[in-house]
Structure formats: C-alpha cells, structure tokens
**Q** 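For reference, the structure I am asking about is given below.
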Number of protein chains: 2
Amino acid sequence: MTATPDTDTPPARGKRPKQGEPVIDRALSLLAVFSDRRRALTLSELARHADMPAPTALRLIARLVAWGALERLDDGRYVVGVRLWEVASLSPRGHGVREIALPYLEDLFEVTRHHVLLAVRDNEEAVLIERLSGKDATEVAYRVGGRAPLRSTAIGLVLLAGADQQFQEAILKRPPEDEPGVPEMPEGQLRRTLSDVRRTGIAMIRRTVPSHTVSVASPIFDAQGAVVASLSIVVPDGATPPNVLAPAVRAAARAVSRNLGFQAQASSGMWTHSRR
Amino acid sequence: MTATPDTDTPPARGKRPKQGEPVIDRALSLLAVFSDRRRALTLSELARHADMPAPTALRLIARLVAWGALERLDDGRYVVGVRLWEVASLSPRGHGVREIALPYLEDLFEVTRHHVLLAVRDNEEAVLIERLSGKDATEVAYRVGGRAPLRSTAIGLVLLAGADQQFQEAILKRPPEDEPGVPEMPEGQLRRTLSDVRRTGIAMIRRTVPSHTVSVASPIFDAQGAVVASLSIVVPDGATPPNVLAPAVRAAARAVSRNLGFQAQASSGMWTHSRR
DNA sequence: AGGCGGCTTTCAATGGTTGGAATGGTATTG
DNA sequence: CAATACCATTCCAACCATTGAAAGCCGCCT
C-alpha cells in the first residue's frame, strides 16, 4: 500500500470529470431525485441518480439534513423533511390557492361525493394542488403533488385555455401525443375546444383509462382576471349527467375566484391572459 | 496551519468579513427567510434578512429560480415556487400521513362541522399538516404549515406524550412559559396529564383565546407502534360536551393508525416510543 | 437637478469545494 | 469461513466556483 502507485502514465493524476457545476444546482438535483416512486433513498442511490460521486453527495446531504430539508431514517435512508414541507407551504401557487379554495372544494365534495381536484399550471403541465376523494371513489390517475398533461385532461384544458397566447401557440403546434383512454385531438379541434372553454367557462373530458370517468373543470381567476388555477370533479361515467355537474363546478370556481378578489366582468367572453 | 506565520504586512487588499459559510447553508437560509408574514420578498429584503451582500443573494436566488424553488413575480419580488412544493409533497411526515389520514379527517369534519387538525412533531413544536375548517367555523390560531407549542395544545400534548422519554424529560424540566388563554401547568400536573393521555388515548384542553374553545386530540400510530401524528378537533366551548366528541376522535385516529399498519395491542397502556 | 435606494454586472483574489483513494462495516455468496 | 460485493465514511491537495467591493443603471422622490 505504501508502495508508490508506479504510474507510468504521466500526469494522469487528476481528471476532474465533471467538476464545475454550481453547488446549489447539485444540491437541488439531489432533491429532484425524489419522486412518487422514490420517497426513501440511500446515499448511493441519491449519488447515482444525481450523477455525482458519493463523497460529494454525502457532504451536500449532510447540510440538507442539518437544515431539515431532508431527514434520515433509522435504516440510514433519506426522505424529504418536514422543514422543507413547511417552507413550501408558503408557496402562493401551492398552498396559497389551496387554503382559499379548500372550503369550497369541501362543499362540492360533499354534494358529489366524488373526486374534487385543484391544479395550477407549471410550465407545460398541470400540478395537482389538492384532491379530495372519498374512501371509495373511483380510481383516479393523479395524486397531490403529481403532474398531469394540459391537453388531455379537463383540468389541464382549462389552464391551457387561460394561458398567454404565445404559450398556447407553442403547445398547439406540437404534434398530439397519444394518451391512452382519451380521444386524440388534432390542432383544429383543440383550438375550437379551447375557444369553447373560454366562452363557457367549462371543460369536459371522457376517459376510459384507468376507469370510465367524466371530468368537468372550470377556471379560477385572480384579482387581475388571470387564470391562476383550475377546479375539477371526476365522476364515474354514466352516473350524474355532466350538464348537471357543470353548474355546480362553475359556481364553486366562481366562489373561489371572488375570494381571490376577482370581479366578474360583464362580458364573459373576454379573459385577460395570465402573465406567467 | 498552512498559513504562513503572520507575514508582517498583508497588503490586506480585501477583508472578507464573513466569507466561509457553505453555499448550501446560505441558499437554505434564503429559503428560511420566508414565513407566514413574509410570503413575497424583494431581493434586498432577502439579502438583508439572510444577512448577506446583495450580489451574493442575487446569484443564489437566480439558481433557485432557475430550478423552480423560487418564482419571480411581475413586480420583481420572489415567492416560494411550485416546484419546491412539489418535492415537499413527497415528505412522508408531511403529505405522507396527510394523504392516508385525509378521508378520515373528512368524515370527522362532516360529523362535527368544526375544525379538524392533523399535526406531527418537529423538534420542540407541533407542525400543522392539515386543517379542515368550515367557512364559518370558530376562529383558530394555527394555519397549515404553521407551528404550535407542545405543552399548551391538545394536539401537542398527544405528540409530547408519545415522544421518547429523554425528550419528554427535557421538555418537562423547562419552566412553563405562559401562553395566554390556557391555564398554566406546573411540572407535576403536566406529568400526570401526559400519563393520562397515554392511558386514555385522549388529550383535552380548554382555551379562552382567541376564542372559547375545547380541543380534543388523539394519537396516530405507525406500524411500529410509535406516535407519528396527532389528530384533533376544535369546537366552541359549550356546544357538544367533550366526552361525546372523544370517542369520535379516538375512532378516527385509530382508523388512520390501522391504515398505517398499526396493530392494536392488547394492553392499551403500553406505548412504544417514537424513535425520533 | 440632485439625491436616494434598489437592482445588476464586473472582476481578481481566495477559500470552500471536489473526488480519487483508502478504510471500516455489513450483507451475500461460494 | 473466506471471498466477494456494496455501501458509508474519512482524508487531503489541487482547483475552480464562489465571493463581495466597486461601479454602473434605473426608477422614484424631493
């Protein structure tokens, strides 16, 4: 061991493969490793998925744990910590809307006894902020904190319809990716649908996977009239006719909007556009 | 040691006042600036509260924004981002318990129509994980994501009673800080109370501030029999007698425990202790 | 006009950061 | 029981991301 490494290879001593990334980015990439499927991870798993040497990962993780962003379990694995959750609960578009909307979601839930969903848009997807579900409601694909596509869900269509023009165009241009259980929509039809959503304040979609359901969604506006969130219910297909549900959903969404300082305009056809 | 022994004249071009803190700690201290009262902050506010020069803060914040931990508003201020909220929603002790408990909380809420609370312990405080409240329920002091004391709330007493011995002793030793609206409890009485909580599975507290209320709380156990959370309801004093509420709360808490894999023991007097 | 506060960019010095190597530990296999 | 494999942790010297004073901008108030 004390023997010199007899390297003929000249300098060779150090090649820094991928040094040079900002520390914060690395730390954040560690957080990003966690997902629905990966809620508790070992050091080496974290290091592997975040693509960095174990010692580096360990050092970073140690700091995160010290602060409370991560917590260490008895078995040595790491999970996301309560402290991080606490800070995150201050997110206006996360718990913020939720806090205001929750009572109305509850009302709606009590009437329908089926899934009630609340989502905001983040980039090209909808992020589920809240979901109320009875213990025996129909199976639903998305969980709180999870993401859903904009084009093929009612809750997503509402968000898309309320996004700024430029963003909508970018999405519309994209070729429709086929999602199982939802009828594919070409650009033309999608345009018409979005326009309808804006006019009626309602989006509706039928799915067959994972179960036969009907979703009805309606937009939530802030004081500036921008669409900040989307409220939806999901019921088994064939139960209550959608046209009965729509008014209830719209009413609930409006109630939340009013609480956010939104003043209903005379012309319902004019949405101001979200600024994000 | 590598430092040369005091070179007589360090040209002293720069004096680095407080350089030397790990980058991550600084970034996290930026996140920690956000609070219930400070949900949207300017760069200089962040820099000031996190105690670092503006350029440094700006650089760190830029990274956080790029990742989505923070978001920038139109007016230039920063808020906690949805992406962070998303990761945080994977926290087992945050949204984890919540997800499992929510349906039962809803049941309880529907019966009582008053506040239903769910909390876990973080260090020396209870962190509110969930709160269901009617639009017209009585005023309550704590918000989701906020913290409550262990000694002077029903929900906190349950968590304290379920904590490990060593921790309990540390808390018991501490002189009772007086909270307004709650009868002060000396060490002896507190000990007795905690023992009662363990025996009966119920904690109860009356408050007069911010309003006259009665709180009834009960522990939630995990598969190992440790107290991982606490479930509570808060009702106006004088409405329903607490001894009527207690069974409902206990039943709901037990239902959640069972869902976490807890097997009720023959002897109810024996709690295994939390490992954290 | 001038002053002021906040935001942003620049840049050279430097100390925190880095990762290969080595160590100790534990579970799995031959 | 040795051999193997994997994981977690400590060490350390080279090095590059990080740092913050300084200066430039912009908007705002007086």
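Each chain gets a letter, A, B and so on, in the order the sequences are listed, and its residues count up from 1.
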**Q** So does B:Arg48 pair up with B:Asp51, basic N to acidic O under 4.0 Å?
**A** no
**Q** Looking at A:Ser44, I'd like to know whether one of its side-chain N or O atoms comes within less than 4.0 Å of OP1 or OP2 on D:dC6.
**A** no
**Q** Would you kindly compare A:Ile24 and A:Glu45 by the position of their nearest DNA chain D nucleotide and give the one closer to the 5′ end?
**A** A:Glu45
**Q** Would you call B:Arg83 and A:Asp122 a salt bridge, using N to O less than 4.0 angstrom?
**A** no
**Q** For salt bridge (Lys or Arg N to Asp or Glu O under 4.0 Å), just list the numbers for A:Glu86 and B:Arg93, CA-CA rounded to whole Å, side-chain angles, deciding distance to a tenth of an Å, and then say yes or no.
**A** CA-CA 11 Å; A:Glu86 198 182 334; B:Arg93 305 205 305 133; over 6 Å; no
**Q** Base, sugar-phosphate alone, or nothing: which one does A:Pro55 contact when heavy atoms must sit under 4.0 Å apart?
**A** base
**Q** Take atom CZ of B:Arg77 and atom P of C:dC7, then tell me their distance rounded to the nearest Å.
**A** 11 Å
**Q** So which nucleotide from D:dG20, D:dT9, C:dT8 ends up closest to the side chain of B:Pro53?
**A** D:dG20
**Q** When the distance from CG of A:Asp75 to C1' of C:dT26 is rounded to whole Å, what number comes out?
**A** 14 Å
**Q** Would you tell me if any nitrogen or oxygen in the side chain of A:Arg26 comes within less than 4.0 Å of OP1 or OP2 on D:dA17?
**A** no
**Q** If I take atom CE in residue B:Met52 and atom P in nucleotide D:dG20, what distance separates them, rounded to the nearest angstrom?
**A** 9 Å
**Q** Nearest to the B:Tyr78 side chain among C:dT8, C:dT18, C:dT17, which nucleotide is it?
**A** C:dT8
**Q** Counting only N and O atoms by type, is there a donor-acceptor contact under 3.5 Å from the side chain of B:Arg131 to the main-chain atoms of B:Tyr142?
**A** yes
**Q** Check this for me: does any side-chain nitrogen of one of A:Glu45 and A:Arg38 sit under 4.0 Å from a carboxylate oxygen of the other?
**A** no
**Q** Which of residues 56-66 of chain A have a heavy atom under 4.0 Å from DNA chain C?
**A** A:Thr56, A:Arg59
**Q** Under a 4.0 Å N-O cut-off, is there an ion pair linking B:Arg121 with B:Glu125?
**A** no
**Q** A:Leu43 has an atom CG; how far is it from atom C1' of D:dA8, in whole Å?
**A** 6 Å
